[in-house]
Amino acid sequence: METDTVTRFLHALSPASREDVQQLPREEQEKLAATWEDYLRDDTDLLSLSELDPPTAENRAAEHVVREYF
């Protein structure tokens, strides 16, 4: 299992969003990945989904973070 937060974040994104984020400086990618982890931890709507379908919960959170950024 990948432990690097940025790599995990990028993996959770759709291909189009991943391309956009990969164009950003590493520092910005790290900020987005940290925001993604916070969102995963704090969003109560995702808690039950993350237990049932972790990849879907990670994708929803990642896409939310990217939409808020761009």
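Applying the ring-ring contact (aromatic ring centres under 6.0 Å, His included) rule to His11 yields no partners; only residues at least two apart in sequence or on another chain are considered.
Using a cutoff of 4.0 Å between basic side-chain nitrogens and carboxylate oxygens, Glu30 and Arg26 are scored as salt-bridged.
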Go through the steps to decide whether Glu63 and Leu13 satisfy the test side chain to side chain contact (heavy atoms under 4.5 Å, CB included), and finish with yes or no. CA-CA 6 Å; Glu63 294 296 333; Leu13 290 167; 3.7 Å; yes
Walk me through it: do Lys31 and Glu27 pass the test salt bridge (charged side-chain N to carboxylate O under 4.0 Å, His left out)? CA-CA 6 Å; Lys31 287 179 186 176; Glu27 184 178 294; 3.8 Å; yes
Leu24 vs Tyr69, test: side chain to side chain contact (heavy atoms under 4.5 Å, CB included). Steps then yes/no. CA-CA 11 Å; Leu24 298 172; Tyr69 181 82; 3.7 Å; yes
Side chain to side chain contact (heavy atoms under 4.5 Å, CB included) for Val21 and Val66? Distances and angles first, verdict last. CA-CA 8 Å; Val21 172; Val66 169; 3.8 Å; yes
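Residues Gln29 and Val6 come closest through the heavy atom pair OE1-CG1, 3.4 Å. Contact detail for Thr5 and Ala34: the closest heavy-atom pair is CG2-N, 4.5 Å. Residues Asn59 and Ala12 share a closest heavy-atom pair of ND2-O, 2.8 Å.
Within a 6.0 Å radius of CD in Gln22, other residues, nucleotides and ligands contribute more than 12 heavy atoms.
The CD atom of Gln23 lies 13.0 Å from the CZ atom of Arg18; values are rounded to the nearest 0.5 Å.
Sorted by first then second residue, the ring-ring contact (aromatic ring centres under 6.0 Å, His included) pairs that include residues 13-44, not counting sequence neighbours, are Phe9-Trp36, Tyr39-His64.
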